[in-house]
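Everything quoted here is computed from the prediction, not taken from an experiment.
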Amino acid sequence: MNKVLIVEDEPKLASLVADYLKAAGYEAHCIENGLEVVPWVKSNAPDLIVLDLMLPGRDGLEICKEIRSFSDLPIIMVTARVEEVDRLIGLEAGADDYLCKPLSVRELVARVKALLRRPRTAAAPSGLVIDQEKHQVSLDGKLVDLTPVEFRLLAALAAAPGKVFSRDALLEKLYADHRVVTDRTVDAHVKNLRRKIEEIRPGSDLVRSIYGVGYKLEP
């Protein structure tokens, strides 16, 4: 069952949307305050978000931009603002679709169905967040203490979850100066990366070896 997060500060509208989505076979969860959205998304990994633009606590555009920094899950933005500039701003923030109030709940459900049918690239594993600007990685809400090379290794794998990277392909991403190193250098970095991941998530198999080929990140 697909999980849909409804972020809406009008309780009656949120309840109505939730009822329609449940009738259509979806699991629905409602949040009113914008400050609660990103932590909930990271913990619960919904399949789609219906996101109001004007929210208490935090603006919907800011929420959308932050979610896009770690997830490509479909986002439908909903707003009472009808100016064309706001439509463009909403889509530039990373929204997949846009609806204006007063909205047709039936139309909203139809758009939810359409977006969830759309093929998507594999998403990063739940609980893994890579912040390129801060050069930080967190897993299940805990910071992972990585070296610069380990960070680049994980970021390269996470850029295409499920894709198998050869050792040579990974080496090109690890060392910008093209220094001469053996492909076993990648094995050593993967070993250290796995150890640090398992310290936070024991028994984890996020980075998987593909015999004779290389490595991939499990989506």
Side-chain angles (χ1 to χ4, degrees), residues 1-22 24-82 85-103 105 107-116 118 120-134 136-144 158 161 200 219:
M1 182 183 293
N2 289 118
K3 185 188 304 180
V4 178
L5 173 61
I6 303 160
V7 185
E8 172 58 62
D9 64 339
E10 296 181 32
K12 289 184 179 179
L13 177 58
S15 179
L16 180 63
V17 171
D19 288 343
Y20 270 75
L21 287 171
K22 290 174 183 176
Y26 300 106
E27 178 183 342
H29 183 87
C30 300
I31 290 179
E32 294 183 15
N33 194 300
L35 293 174
E36 301 174 11
V37 179
V38 172
W40 195 94
V41 170
K42 290 180 178 179
S43 299
N44 295 275
D47 298 289
L48 183 144
I49 302 177
V50 178
L51 178 63
D52 192 26
L53 182 63
M54 301 298 292
L55 295 165
R58 194 176 186 195
D59 182 83
L61 290 181
E62 294 179 8
I63 295 169
C64 186
K65 289 177 181 178
E66 182 170 354
I67 290 173
R68 278 291 169 262
S69 72
F70 63 86
S71 175
D72 69 339
L73 66 90
I75 298 175
I76 300 176
M77 296 203 73
V78 177
T79 181
R81 297 179 180 177
V82 296
V85 65
D86 281 335
R87 293 175 183 268
L88 295 174
I89 290 173
L91 294 173
E92 286 174 1
D96 296 271
D97 205 348
Y98 207 104
L99 281 173
C100 291
K101 295 178 180 178
L103 57 83
V105 181
E107 180 182 359
L108 175 59
V109 173
R111 296 200 188 189
V112 167
K113 290 179 178 179
L115 283 174
L116 289 175
R118 188 180 67 181
R120 293 170 57 202
T121 56
S126 176
L128 177 67
V129 180
I130 300 176
D131 190 324
Q132 293 284 356
E133 291 186 2
K134 295 182 180 179
Q136 290 181 343
V137 172
S138 64
L139 180 63
D140 299 337
K142 299 178 181 178
L143 286 178
V144 187
I200 296 175

Heavy atoms, side chains only, cut-off 4.5 Å: are [X] and [Y] in contact?
| X | Y | value |
| --- | --- | --- |
| I67 | V38 | yes |
| V41 | P46 | yes |
| L128 | L139 | yes |
| L13 | V78 | no |
| W40 | I49 | no |
| D9 | M54 | no |
| E8 | V50 | no |
| I75 | R68 | yes |

For the student: nearest non-hydrogen atoms of [X] and [Y], plus distance:
| X | Y | answer |
| --- | --- | --- |
| G34 | I63 | O-CD1, 3.5 Å |
| C30 | A14 | SG-O, 3.8 Å |
| A24 | K113 | CB-CE, 4.0 Å |
| D47 | P74 | O-CD, 3.1 Å |
| S138 | G141 | CB-C, 4.5 Å |
| A28 | L21 | CB-CB, 4.4 Å |

Electrostatic pair R111-D96, nearest N-O below 4.0 angstrom =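 So R111 does not pair with D96 through a salt bridge.
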Distance check, rounded to the nearest 0.5 Å: [X] atom [atom1] versus [Y] atom [atom2]?
| X | Y | atom1 | atom2 | answer |
| --- | --- | --- | --- | --- |
| L73 | L48 | CG | CG | 7.0 Å |
| I31 | D52 | CD1 | CG | 13.0 Å |
| K3 | N44 | NZ | CG | 5.0 Å |
| M77 | L53 | CE | CG | 5.0 Å |
| L61 | R58 | CG | CZ | 11.0 Å |
| L51 | I76 | CG | CD1 | 10.5 Å |

request  = Spell out, as yes or no, whether a donor-acceptor pair under 3.5 Å connects the side chain of S15 to the backbone of P11.
outcome  =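 No, the answer is negative, given that no donor and acceptor are paired below the 3.5 Å cut-off.
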